[in-house]
Trainee: 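Next up is a structure, given as C-alpha cells.
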Amino acid sequence: MRKILTKKFFERATLVVAYDLLGKFLVRKKGRKEIAYMVTEVEAYDGHKDKASHAHRGETPRNKVMFGEAGVWYIYFVYGMYDMLNVVTGPRGYPAAILIRGVEGIRGPGRLTKKLGITRRLNSKNAVRVSGLWIEDRGIKVRPKEIKKTSRVGVNYVGSVWSKKPYRFIFKKDYDH
DNA sequence: ACGATGATGAAC
DNA sequence: TTCATCATCGTA
C-alpha cells in the first residue's frame, strides 16, 4: 500500500492530523532519486487562539499560508540559519499547521530541512509529487500506546498555559540512528 | 551556557 | 528605519 496524502487528509482537525502523521513517510525527490523517511515527531499549531502559533497575532506576509488551503507547505526561516518545515491543516481561513520535527534517522527540524535540502523555495507549494516533496501512507498502523504526547519545544516565552499544551507527538521507541 | 546569523514584525 | 526577538543547533 502506497498512497500520497491529499488535501482531504490535512483538512481535518489539526491535532488529529498531527497524530495521524506519525508513521507516514515524508518523501523527497532529488533528481531521479526518491528518498522516503518515516515521520517520528510532529508539533501542532492550532488556530489563532494558540499563543505559540505564528498566527496568534493575525495574518502577516510570513504566516499567510497558514490561513489558506490545507496540504500546503509552510516553510519559514528562524535563528538566521534554519528552515522549518510545516504542513498547513484545517479548513481554509483557519490558521493551523504542523511542524515536522523529526523523521527516522534525523532528529530536529533544522537538521531535517538541511539534510533534505528543503528551503523557503517550497513555501506555499502543495505537498504533491510535482513539488518534489510530499507525504505517503505506506500502510503502517500506529497504536496510541506507541505515541508520547508532550509540550512543544522552544515556546516557553508564551507563558505556561499555551507552552504546556500537549501538542507534540513523538514515538516512544527511538528511531534515531 | 552561549554564540552564530538574518528575517520578521512592531514600534518609533 | 531601528531593534528585540526567534517553532535551532553545535560546541563547550
Side-chain angles (χ1 to χ4, degrees), chain A residues 5 10 12-24 26 28 37-90 93-127 131 133-135 147-172 174-177:
Chain A
L5 301 182
F10 297 106
R12 300 172 301 148
T14 303
L15 293 172
V16 174
V17 177
Y19 181 93
D20 281 353
L21 275 178
L22 294 180
K24 300 297 188 290
L26 180 67
R28 180 65 166 140
Y37 304 83
M38 190 179 72
V39 177
T40 56
E41 180 181 352
V42 298
E43 271 177 12
Y45 289 85
D46 188 19
H48 68 280
K49 290 196 300 295
D50 182 351
K51 282 187 153 186
S53 171
H54 289 167
H56 177 241
R57 293 163 195 273
E59 191 175 326
T60 68
R62 178 177 65 170
N63 68 23
K64 70 177 288 194
V65 322
M66 291 183 79
F67 291 76
E69 297 295 330
V72 168
W73 297 120
Y74 170 45
I75 304 172
Y76 64 90
F77 193 61
V78 275
Y79 300 118
M81 255 184 256
Y82 301 103
D83 287 288
M84 299 286 107
L85 176 65
N86 301 249
V87 61
V88 175
T89 57
Y94 182 82
I98 293 163
L99 171 64
I100 300 179
R101 289 193 58 88
V103 296
E104 189 171 10
I106 310 172
R107 182 177 288 178
R111 286 166 157 184
L112 167 63
T113 53
K114 189 174 179 197
K115 188 130 184 215
L116 303 204
I118 295 165
T119 69
R120 283 158 291 170
R121 216 162 62 84
L122 282 170
N123 184 50
S124 82
K125 304 289 188 227
N126 259 286
S131 68
L133 186 67
W134 66 96
I135 303 177
I147 296 174
K148 179 168 59 178
K149 296 161 87 166
T150 78
S151 55
R152 292 169 292 183
V153 176
V155 296
N156 288 324
Y157 65 95
V158 303
S160 62
V161 174
W162 284 95
S163 70
K164 285 178 179 164
K165 294 274 185 191
Y167 285 4
R168 174 172 175 242
F169 301 83
I170 181 168
F171 274 116
K172 287 177 182 168
D174 190 3
Y175 283 102
D176 227 21
H177 286 173

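Values below: every heavy atom of this structure, side chains too, minus hydrogens, waters and symmetry copies. Letters A, B, ... are given to chains in the order of the sequence lines, protein chains preceding strands, and every chain is numbered from 1. Quick caveat: nothing in here was measured; it's all calculated off a predicted structure.
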Trainee: Measuring only between side-chain heavy atoms, which start at C-beta, is A:Lys172 closer than 4.5 Å to A:Ile147?
Mentor: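 Sidechains of A:Ile147 and A:Lys172: no contact.
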Trainee: Can you check whether A:Val103 reaches A:Met38 side chain to side chain, under 4.5 Å on heavy atoms?
Mentor: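 No. Closest side-chain heavy atoms not under 4.5 Å.
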Trainee: Separation of A:Ile106 atom CD1 from C:dC9 atom C1', in whole Å?
Mentor: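 It is 15 Å, rounded to the nearest whole Å.
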Trainee: Heavy atoms only, 4.0 Å cut-off, all strands: where does A:Tyr157 land among base, sugar-phosphate and nothing?
Mentor: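 Sugar-phosphate contact only - A:Tyr157 comes under 4.0 Å of backbone atoms but never of a base.
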Trainee: Looking at A:Glu41 and A:Arg107, is any side-chain nitrogen of the basic one under 4.0 Å from a carboxylate oxygen of the acidic one?
Mentor: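 The answer is no: the pair does not qualify as a salt bridge.
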Trainee: Should A:Asp50 and A:Lys165 count as an ion pair when the cut-off is N to O under 4.0 Å?
Mentor: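 Salt bridge absent between A:Asp50 and A:Lys165.
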Trainee: For the pair made of CG in A:Asn156 and C1' in C:dA7, what is the distance, rounded to whole Å?
Mentor: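 Roughly 11 Å, once rounded to whole Å.
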Trainee: Scan nucleotides 6-9 of chain B against the protein and return all N/O pairs shorter than 3.5 Å with their distances rounded to 0.1 Å.
Mentor:
{"residue": "B:dG6", "atom": "N2", "partner": "A:Tyr79", "partner atom": "N", "Å": "3.4"}
{"residue": "B:dG6", "atom": "N2", "partner": "A:Gly80", "partner atom": "N", "Å": "3.4"}
{"residue": "B:dG6", "atom": "N3", "partner": "A:Gly80", "partner atom": "N", "Å": "3.4"}
{"residue": "B:dG9", "atom": "OP1", "partner": "A:Thr60", "partner atom": "OG1", "Å": "2.4"}

Trainee: Are OP1 or OP2 of C:dT8 and a side-chain N or O of A:Arg101 less than 4.0 angstrom apart?
Mentor: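 For C:dT8, OP1 or OP2 has a side-chain N or O of A:Arg101 closer than 4.0 Å.
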Trainee: Send over the distance from A:His56 NE2 to C:dC6 P, rounded to a whole Å.
Mentor: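 After rounding, the reported distance stands at 13 Å.
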Trainee: Find which nucleotide of DNA chain C each of A:Lys114 and A:Val155 is nearest to by heavy atoms, and output the residue with the more 5' nucleotide.
Mentor: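 Its nearest nucleotide lies further toward 5', so the answer is A:Val155.
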Trainee: Can you tell me if A:Arg101 uses its side chain to pair, donor with acceptor, with the backbone of A:Leu85 under 3.5 Å?
Mentor: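 Absent.
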Trainee: Can you tell whether the side chains of A:Lys64 and A:Glu59 come within less than 4.0 Å, N to carboxylate O?
Mentor: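 Looking at A:Lys64 and A:Glu59, the cut-off is not met.
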Trainee: Quick one: stems for DNA chain C, with Watson-Crick or G-U pairs under 3.5 Å, at least three in a row?
Mentor: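 Listed by first number, the stems are B:1-4 with C:8-11, B:6-11 with C:1-6.
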Trainee: What's the separation between atom CZ in A:Phe169 and atom OG1 in A:Thr40, rounded to the nearest 0.5 Å?
Mentor: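 Answer for the CZ-OG1 pair, A:Phe169 versus A:Thr40, is 14.0 Å.
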Trainee: Rounded to the nearest 0.5 Å, what's the gap from NZ on A:Lys164 to OG1 on A:Thr150? Could you check?
Mentor: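 So the NZ of A:Lys164 and the OG1 of A:Thr150 are separated by 13.0 Å.
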Trainee: Below 3.5 Å, can you tabulate the donor-acceptor pairs from side chains in residues 72-83 of chain A to any protein atom, sequence neighbours excluded?
Mentor:
{"residue": "A:Trp73", "atom": "NE1", "partner": "A:Leu133", "partner atom": "O", "Å": "3.1"}
{"residue": "A:Tyr74", "atom": "OH", "partner": "A:His54", "partner atom": "ND1", "Å": "2.7"}
{"residue": "A:Asp83", "atom": "OD1", "partner": "A:Arg120", "partner atom": "NE", "Å": "3.2"}

Trainee: C:dA4 and B:dG3: how far apart are their P atoms, nearest whole angstrom?
Mentor: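 The answer is 16 Å between these two P atoms.
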Trainee: How many whole angstroms separate atom CZ of A:Arg111 from atom C1' of C:dG10?
Mentor: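 These atoms are roughly 8 Å apart.
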Trainee: Given atom CG of A:Leu99 and atom P of C:dC6, what is their separation to the nearest angstrom?
Mentor: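 Distance, rounded to whole Å: 16 Å.
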Trainee: In whole Å, I'd like the distance from the CZ atom of A:Arg152 to the P atom of C:dC6.
Mentor: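 These atoms are roughly 14 Å apart.
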Trainee: Between A:Glu43 (CD) and C:dA7 (C1'), how many Å, whole number?
Mentor: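 Rounded to the whole Å, the gap is 6 Å.
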Trainee: With centres under 5.5 Å and planes under 30°, do A:Tyr76 and C:dA7 count as stacked?
Mentor: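 It does not: the ring fails the test against the base of C:dA7.
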